[in-house]
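Basis for what follows: all heavy atoms, side chains included, without hydrogens, waters or symmetry-related copies.
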Amino acid sequence: MNILRLLRRFVPPYIKELVLNLLFNVLSTVLSLFSFAAIVPILRLLFGLNSAALEYVDPATVSGVDQTIAALKNNMYWLVGEQVSAHGTGWVLFLLGLFLVVMTALKCLCAWLASYHMVSIRTGVLRDLRQSLYNKIVSLPISFFTQEKKGDIMSRMTSDVGEVENSIMASLDMIIKDPLMIFIYLLILFLLSWRLTLFVLVLLPISGWVIGKIGRSLKRRSTKGQEQTAELLTQIEETLSGLRIVKAFNAEQKLRARFRRLNDDTRRTFNRIHRRYALAHPVSELLGTLVIAILLWYGGGLILAEHSSIDAAEFIYYLVIFYSIINPAKDLTKATYSVRKGMASLERIDKILNTKNNIIEPEQPEQLDLNELGSKPLISYRNVCFAYTPGVPVLRNISFDVYPGQTVAFVGQSGSGKTTLVDLLPRFYDVTEGEILVGGVNIKKLRTRDLRELMGNVNQDAILFNDTFFNNIAFGVNDATAEQVENAAKVANAHDFIVATADGYETSVGDRGSRLSGGQRQRVSIARAILKNPAILILDEATSALDTESEQLVKQALDRLMRDRTTLVVAHRLSTIRDADLICVLHEGQIVERGTHQQLIALGGHYAKLVEMQQK
């Protein structure tokens, strides 16, 4: 049932390729029977069995399946005998050999065409699964990634997807190719000798039971192996991200030891998996050989018996066909193991694909027109409460209004909830209680795409992509021109150092902007926000990690960006927000003070103490 569900889920877009694959597999199997059939008259000639004494029998004059088959065999041998009498044994052997070669060539061509169309299914399913997983990851809220490890997600997109791909291909073989081949071969075996074939069918279930016994624990061990692979990827990702700290604290040996333990545990788990998987081939081959040995004993007795329906040459042809069943039977065994491994990986992938997005889009989104605001506030927080973990509030009863063109700053000690407060506005998270309004409309009634289209972000950690300056600046704008990008860079004080690089705006910034200084990364990030030209600007400690010179250049760029724009500022350096229209002081998730810089200094409360501490 799992196999059918797996195929219904992934294969329907490739029905055409599947039908062609099935067709060429049938042709390949039938042609292999024709090629093997040439062996019988060749062996009869070599054994010296006399076909010249036979007479032609009209199949229409006989009745019953057995008599019809006997008549067809008789006529084939009669025709060979006639050719031997007319042209000699050498010429007939040559013709039979040529027939064998031609049939084998056609069989190989059909087998290749079957594989040719299977490749389209394999690569298509792999692409679709990766794309579905990537689309889901991009659509999930940020809260999902605070609970999951990056390495585990990467493992699911690489090794788990690969296992599912192998499982789907194995499932196709299990459902279509291998059973079809086995059915056709068994049909011919019944026609050759139904007694012998019934005897074989008694032995095969015993073989199947032994093979099934071996693979029962494979799915559980595969799940454990994928989880350990995810742990390895997580440590690799953390090591690469924090390599500067690792070296600064001489922690290389500690990380080597931890990675070695993980690596050894993973090796032991996969040793068990692969050793169990490797049993499939030798066990099925041994059981096949055992069945053939018993078959030789029983079939030999039938041949030696009087009035036997099968002679020695036909028995050898029977054995050739039976041995042809062994390969699809072995493939069927290996496919069973692959499916078990793949289902374990699919369960891990489905944990992501079936994750519900708690940022729910409205069924009938409202349209927002900021030109009709009048004297209304652009942004309103109404008794907003928020908790990452139920029962542990981060924000409590937050209320304030922001009017068009105003700059509102949020200050407070680390952990007071400043960044969380501004993250609620673009719906990176949803409020636990209360509501947030933009233009008088609850943001839950707006499409998140429309809401975020109004906003531009400049964060403390400037996020750049391993791409060119041009593409990083134009990241949020479709069809941006070179002139627009250059103008944005000039406003952000970034143009001069960009054109000084080897390829100017086509120069790559490196992984996460690693080829740039902190101030340069921040100015490119500001240029990106300038080009987007958002109605609402969110600055999250945009200058806190910069040196004095870089801070001045960035501050000039920010002043230009903030001009005539509604801005929310999370500030660490209080000197940067002296001119803000409103400063809100947060303490333990609540706004404890609000006012202008001068008003809060005169108040002599939390804000005045923060200013005094920074001045000292």
Should L586 and L395 count as side-chain neighbours, where that means a heavy-atom distance under 4.5 Å?
yes
Have R523 and Q520 got a donor and an acceptor in their side chains that come within less than 3.5 Å?
no
S139 to K136 - nearest heavy-atom pair and separation
OG-O, 2.8 Å
Report yes if the side chains of T355 and L140 come closer than 4.5 Å at any heavy-atom pair, otherwise no.
yes
Below 4.5 Å, heavy atoms only, C-beta onward: do L126 and F10 meet side chain to side chain?
no
Check: V431 and C385 side chains under 4.5 Å, non-hydrogen atoms:
no
Considering only residues two or more places apart or on different chains, which pairs with a residue in residues 119-133 satisfy salt bridge (Lys or Arg N to Asp or Glu O under 4.0 Å)?
R122-E165
Any donor-acceptor pair under 3.5 Å from Y381 side chain to L421 backbone:
yes
Y388: what forms a ring pair (Phe, Tyr, Trp, His ring centres under 6.0 Å) with it, not counting sequence neighbours?
F386, Y429
Do you know the tightest heavy-atom contact between L424 and I443?
O-CD1, 3.6 Å
What's the spacing between D423 CG and D540 CG if we round to 0.5 Å?
7.0 Å
Do you know the tightest heavy-atom contact between N466 and S508?
OD1-OG, 3.3 Å
Evaluate the criterion side-chain contact (heavy atoms from CB on, under 4.5 Å) for residue pair R528 and N472; output intermediate values, then yes/no.
CA-CA 7 Å; R528 182 167 59 200; N472 270 287; 4.2 Å; yes
Who are the ring pair (Phe, Tyr, Trp, His ring centres under 6.0 Å) partners of F465, not counting sequence neighbours?
F475
Looking at A571, is its backbone amide N or carbonyl O close enough to the side chain of K418 to form a donor-acceptor pair, meaning the two atoms are under 3.5 Å apart?
no
Taking every heavy atom of F428 against every heavy atom of N457, the minimum-distance pair comes out as CE1-ND2, 4.5 Å
After noting the C-alpha distance and the side-chain angles of S120 and E17, does the key distance pass the side-chain contact (heavy atoms from CB on, under 4.5 Å) rule?
CA-CA 7 Å; S120 297; E17 287 82 0; 3.7 Å; yes
Any non-hydrogen side-chain atom of E506 less than 4.5 Å from a side-chain atom of T468?
yes
Separation between CG of N358 and CD1 of I360, rounded to the nearest 0.5 Å
7.5 Å
Apply the test side-chain contact (heavy atoms from CB on, under 4.5 Å) to residues Q131 and N135: give CA-CA distance (whole Å), side-chain angles for both, the deciding distance (0.1 Å), then the verdict.
CA-CA 6 Å; Q131 192 66 51; N135 291 347; 2.9 Å; yes
I'd like to know if R268 pairs up with D265 as an ion pair, taking the criterion as any Lys NZ or Arg NE/NH1/NH2 lying under 4.0 Å from an Asp or Glu carboxylate oxygen.
yes
Donor-acceptor pair, distance only, cut-off 3.5 Å: does the side chain of T389 make one with the backbone of V392?
no
Going by salt bridge (charged side-chain N to carboxylate O under 4.0 Å, His left out), name the residues that satisfy it together with D350, two or more places apart in sequence or in a different chain.
R9
For the residue pair V161 and I349, establish whether any side-chain heavy-atom pair is separated by less than 4.5 Å.
yes
Quick one: are H606 and Q413 in side-chain contact, heavy atoms under 4.5 Å?
no
Do you know the tightest heavy-atom contact between L516 and R521?
O-NH1, 2.8 Å
Rounded to the nearest 0.5 angstrom, the CG-CG distance for L133 and L353 is 5.5 Å
Residue pair P534 / G456: nearest heavy atoms and the distance that separates them
CB-N, 3.3 Å
Report yes if some heavy atom in the side chain of I473 is under 4.5 Å from a heavy atom in the side chain of Y505; otherwise report no.
yes
Residues in side chain to side chain donor-acceptor pair (under 3.5 Å) contact with R427, at least two apart in sequence or another chain:
D430
Could you tell me which residues satisfy ring pair (Phe, Tyr, Trp, His ring centres under 6.0 Å) with F470, sequence neighbours excluded, listed by chain and number?
none
Do the side chain of T432 and the main chain of A387 share a donor and acceptor less than 3.5 angstrom apart?
yes
Distance check, rounded to the nearest 0.5 Å: Q484 atom CD versus N533 atom CG?
10.5 Å
Side chain to side chain contact (heavy atoms under 4.5 Å, CB included) partner of P426, chosen from I536, L454, I538:
I538
Test your reading of the model: is there a side-chain donor-acceptor pair from N21 to the backbone of A114, 3.5 Å cut-off?
yes
Any donor-acceptor N/O pair, Q590 side chain to H587 backbone, under 3.5 Å:
no
Test item: R565 side-chain N/O and T407 main-chain N/O as donor-acceptor pair under 3.5 Å:
no
Nearest-0.5 Å distance that lies between atom OG1 in T266 and atom CZ in R261:
12.5 Å
Verify the distance criterion only: is there a donor paired with an acceptor across the side chains of E361 and T448 at less than 3.5 Å?
yes
Residues L568, L537; criterion side-chain contact (heavy atoms from CB on, under 4.5 Å); working and verdict
CA-CA 6 Å; L568 302 183; L537 182 63; over 6 Å; no
What distance do L18 atom CG and M118 atom CE have between them, rounded to the nearest 0.5 Å?
7.0 Å
